[in-house]
Asker: 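Dropping a structure here in structure tokens format, bear with me for questions.
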Protein chains: 2
Amino acid sequence: MTNIHDIARLSGYSVSTVSRVINHRKYVADDKRLKIETIMRELDYVPNRLARDLSRGATKTIGVVLPYANHPYFARIVDGIVNTGFAAGYKITLLPTHYDLTVERNYLEQLRSKAFDGLIFTSRSGSMASLERYQKYGQIVCCEDPGKYCPLPAAYTDRANSYVDALTWAKKSGYQNVGVVLSRDNMISASARMTRQAYQQVYGDLADKNLFEGTVTYDDGYRAGEYFAKLNPAVDAVLANGDDIGAGIYQYYKDHQLTPIKVIGQENLLSSRLLGLPTIDHHLEALGQAAFELVISQTKKHQLIKSEFIER
Amino acid sequence: MTNIHDIARLSGYSVSTVSRVINHRKYVADDKRLKIETIMRELDYVPNRLARDLSRGATKTIGVVLPYANHPYFARIVDGIVNTGFAAGYKITLLPTHYDLTVERNYLEQLRSKAFDGLIFTSRSGSMASLERYQKYGQIVCCEDPGKYCPLPAAYTDRANSYVDALTWAKKSGYQNVGVVLSRDNMISASARMTRQAYQQVYGDLADKNLFEGTVTYDDGYRAGEYFAKLNPAVDAVLANGDDIGAGIYQYYKDHQLTPIKVIGQENLLSSRLLGLPTIDHHLEALGQAAFELVISQTKKHQLIKSEFIER
DNA sequence: ATAATTTATGAAACCGGTACCAGGTCAACT
DNA sequence: AGTTGACCTGGTACCGGTTTCATAAATTAT
């Protein structure tokens with residue numbers, strides 16, 4: 001593999017001069033620049049990215065920490081990150097955790113080892129404090145409501161309001177007894193808390209039997225539908241933690257020829273569109289874009305993305 | 001930032017010895033190993049990834065070239081790659097091209113500059129020959145039917161057979177006039193060719209009016225539905241190039257209260273499940289897994305993934 | 001008792017770049 | 001004439017590791 005020293009030796013000029021030519025810098029005589037460029041072309045030379053990154057101390061690579069790559073929620077965020085990153089000349093590396101704290105920690109260590117310029121946590125298992133400790137090794141952005149005091153930059157969606165919007169709409173539309181479906185864990189930790197808050201505000205206390213937890217997929221939603229149909233048939237509407245989950249609930253009622261209930265989904269995916277379910281679009285691509293912009297900035301801003309309730 | 005030399009100096013041993021400790025290699029006396037480990041812990045030392053990669057000449061990173069990140073077809077492949085890569089200790093970087101040949105070329109140059117150990121092309125715009133030229137800089141795997149002679153390793157799905165299966169099933173089920181919907185371009189270049197072949201085999205010549213091209217999304221499918229409904233109403237079934245596209249076709253007929261036609265989708269996504277459409281599952285996660293395994297192997301094998309027609 | 005291994009360690013070259021600094025030329029300005 | 005500053009070039013330290021090689025002590029085999 002030919003390197004910069006080969007080019008220097010063969011051209012008769014110094015490594016410094018070759019480096020200047022490579023980086024299109026001033027202060028190189030035209031004839032030498034030309035000769036060096038010719039030799040580089042002849043030898044089919046390309047500067048080594050790793051050496052350059054090591055020397056410069058930056059990789060132009062951002063790691064995106066997520067539980068799985070195949071979930072539509074994360075896929076939309078990643079899409080926003082990838083496209084914005086692409087435009088800015090950054091490489092995006094996917095870092096799946098499978099909710100394993102050790103793995104998450106390992107990615108933080110990789111940040112420390114300078115494998116990435118920064119990390120975006122679309123979801124976290126560890127504590128905020130653990131992330132905070134790694135801040136000095138690179139910019140860390142999280143995608144959740146930062147609350148009052150958050151030491152990290154954050155991009156987050158306006159769940160607080162959109163949940164209230166959705167539930168208020170449900171109430172106005174005459175739904176009396178609204179169930180809630182939440183995800184398995186603290187996947188989007190603030191999400192569950194805010195759903196409860198909004199519920200409290202609009203409908204009052206959330207009864208245990210109106211809550212079904214542990215849903216991530218369509219099949220989970222189907223099970224949730226079964227739960228409400230069999231054990232809490234008074235429920236006439238459900239706020240689901242995702243369109244595909246909502247589709248599962250809807251489909252259970254349909255498959256069993258029950259009186260349909262109103263299912264409100266989230267993310268504005270194709271499934272809610274096909275079934276005509278109301279949904280909340282959190283504008284996740286915009287969230288990803290904001291997260292990326294924060295990670296390459298050196299600010300600690302908190303960026304709010306408006307979300308939007310879509311009646312159907 | 002503390003480095004290996006600091007550790008060496010402070011421990012009183014040489015850089016070589018410290019390196020041996022870091023890499024858990026034999027031939028280090030227990031007392032020295034212990035002392036060095038203690039110092040590393042005290043100084044909160046982590047070896048620099050870039051320096052290591054540069055020295056070793058490998059990055060443990062694979063680039064995945066794709067048109068967009070947000071398309072379900074590619075998302076499923078990426079999922080397979082990411083999960084397999086994760087298990088093997090590799091990092092996966094997403095490289096979107098937006099079908100720009102210059103961008104694709106740029107990624108090949110990045111392979112040459114040693115930014116990746118290998119590349120997986122889930123789709124390509126450039127010629128096979130252009131990829132071939134870069135083989136010497138790292139393993140390049142493509143995800144398409146390699147045909148008779150393909151100089152590159154390839155992982156591909158059994159389209160040839162599943163298309164015939166699907167169309168044969170349609171014929172047996174009594175559908176007389178089958179339309180075909182194909183993607184915008186050579187996104188999965190072999191795909192279009194094989195669809196035509198299968199059509200030829202089962203139904204004979206594919207009339208121009210039975211073909212609608214340029215579909216990628218649900219909305220494209222909706223337009224395809226409009227096309228068939230208005231300009232070729234004799235069509236009683238359509239083979240679509242994806243479930244979401246198929247859903248669009250189906251929905252157009254439904255929205256306009258037309259006699260429904262049979263729509264056969266592809267990828268076995270939630271949309272076909274919700275609408276009860278038959279589909280072809282190409283097992284794209286398995287495809288991604290196979291592609292990853294090929295990229296880290298040094299072989300030039302061609303790996304076939306069986307696909308499966310799902311009646312509905 | 002001697003030869004052949006195995007174990008243990010450090011010096012130094014190497015991976016392939018960047019960037020600071022010193023030194024030199026030459027035209028322009030005071 | 002002397003100073004200033006822009007232009008050009010090379011030497012070399014540096015980024016932070018890995019790895020080969022030489023050397024020597026401790027075991028083991030013959």
Side-chain angles (χ1 to χ4, degrees), chain A residues 1-37 39-40 43-61 91 109-117 137-138, chain B residues 1-37 39-40 43-61 91 109-117 137-138:
Chain A
M1 202 84 310
T2 108
N3 62 29
I4 197 173
H5 294 94
D6 298 331
I7 305 294
R9 188 164 26 78
L10 287 166
S11 65
Y13 304 116
S14 73
V15 177
S16 322
T17 302
V18 177
S19 179
R20 282 186 201 103
V21 171
I22 292 171
N23 295 290
H24 307 101
R25 286 232 285 279
K26 289 203 305 182
Y27 304 146
V28 179
D30 281 347
D31 55 335
K32 311 195 174 171
R33 157 165 286 135
L34 224 63
K35 174 160 187 188
I36 288 173
E37 283 175 343
I39 292 184
M40 292 200 299
L43 293 200
D44 205 31
Y45 165 77
V46 175
N48 182 298
R49 189 53 153 267
L50 290 171
R52 177 178 284 187
D53 287 350
L54 173 61
S55 197
R56 290 218 246 249
T59 59
K60 287 256 181 182
T61 301
K91 292 191 285 282
E109 289 293 315
Q110 291 194 32
L111 177 67
R112 241 179 80 187
S113 77
K114 298 291 169 197
F116 310 111
D117 291 351
Y137 306 113
Chain B
M1 201 85 315
T2 109
N3 62 28
I4 199 173
H5 295 93
D6 298 332
I7 305 294
R9 190 164 24 78
L10 288 165
S11 65
Y13 304 116
S14 73
V15 176
S16 326
T17 303
V18 176
S19 178
R20 283 187 201 101
V21 171
I22 293 171
N23 295 290
H24 307 100
R25 285 235 283 279
K26 290 202 304 182
Y27 306 146
V28 180
D30 282 347
D31 56 334
K32 310 193 176 172
R33 157 164 286 136
L34 224 64
K35 175 159 184 188
I36 288 173
E37 283 174 344
I39 293 184
M40 292 199 302
L43 293 199
D44 206 30
Y45 166 77
V46 175
N48 183 297
R49 188 54 153 267
L50 290 170
R52 178 177 283 188
D53 287 351
L54 172 61
S55 199
R56 292 218 244 252
T59 59
K60 286 253 177 187
T61 302
K91 294 193 283 284
E109 288 292 315
Q110 291 193 32
L111 176 68
R112 239 179 83 186
S113 77
K114 296 292 166 195
F116 310 111
D117 291 351
Y137 306 113

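In what follows, every chain begins at residue 1, and chains take the letters A, B, ... in the order their sequences are listed.
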Asker: Under the criterion salt bridge (charged side-chain N to carboxylate O under 4.0 Å, His left out), I'd like the reasoning laid out for B:D53 against B:K114: C-alpha separation, chi angles, the key distance, then a yes or no.
Answerer: CA-CA 10 Å; B:D53 287 351; B:K114 296 292 166 195; over 6 Å; no

Asker: Report yes if at least one side-chain N or O of B:Y27 is closer than 4.0 Å to OP1 or OP2 of C:dA8; otherwise report no.
Answerer: no

Asker: With the side chain of A:T17 defined as its heavy atoms from C-beta on, choose the nearest nucleotide among D:dG16, D:dG10, C:dG17.
Answerer: D:dG10

Asker: Which nucleotide, D:dG17, C:dG17, C:dT9, lies nearest any side-chain atom of B:H5?
Answerer: D:dG17

Asker: In whole Å, I'd like the distance from the CG atom of A:L50 to the C1' atom of D:dG16.
Answerer: 13 Å

Asker: Does D:dG11 have OP1 or OP2 sitting under 4.0 Å from an N or O in the side chain of A:S14?
Answerer: no

Asker: Using the side-chain heavy atoms of A:S16, tell me which of these nucleotides is nearest: D:dG17, C:dG16, D:dG10.
Answerer: D:dG10

Asker: Counting only side-chain heavy atoms from C-beta out, which of D:dG17, C:dG10, C:dG16 sits nearest to A:L54?
Answerer: C:dG16

Asker: For the side chain of A:S55, counting heavy atoms from C-beta on, which of D:dG16, D:dG17, C:dG17 is nearest?
Answerer: C:dG17

Asker: Any side-chain N or O of B:K32 less than 4.0 Å from the OP1 or OP2 oxygen of C:dT9?
Answerer: yes

Asker: Determine: side-chain N/O of B:N23 to OP1/OP2 of D:dT18, distance under 4.0 Å, yes or no.
Answerer: yes

Asker: Please check the phosphate of D:dT19 (OP1 and OP2 only) for any side-chain N or O of B:R25 closer than 4.0 Å.
Answerer: yes

Asker: Please state whether the base of D:dG10 and the side chain of A:R20 form at least one donor-acceptor pair under 3.5 Å?
Answerer: yes

Asker: Would you tell me whether A:S19 and A:S16 have side-chain atoms, one donor and one acceptor, within less than 3.5 Å of each other?
Answerer: no

Asker: Pick the nucleotide of DNA chain D nearest each of A:K26 and A:G12; which residue has the one closer to the 5' end?
Answerer: A:K26

Asker: If you apply the rule side chain to side chain contact (heavy atoms under 4.5 Å, CB included), what do you find for B:M40 with B:I22, and how did you get there?
Answerer: CA-CA 9 Å; B:M40 292 199 302; B:I22 293 171; 3.9 Å; yes

Asker: The side chain of A:R52 is closest to which nucleotide in this list: C:dA8, C:dG17, D:dT18?
Answerer: C:dG17

Asker: Heavy-atom distance under 4.5 Å between the side chains of B:K91 and A:F116, does that happen here?
Answerer: yes

Asker: Between A:R56 and B:V15, just flag the one whose closest nucleotide in DNA chain C comes earlier from the 5' side.
Answerer: B:V15

Asker: Starting from P on D:dG16, measure out to OH on A:Y137 and report it in whole angstrom.
Answerer: 14 Å

Asker: Rounded to whole angstrom units, what separation is found between the NE2 atom of B:H24 and the P atom of D:dT18?
Answerer: 12 Å

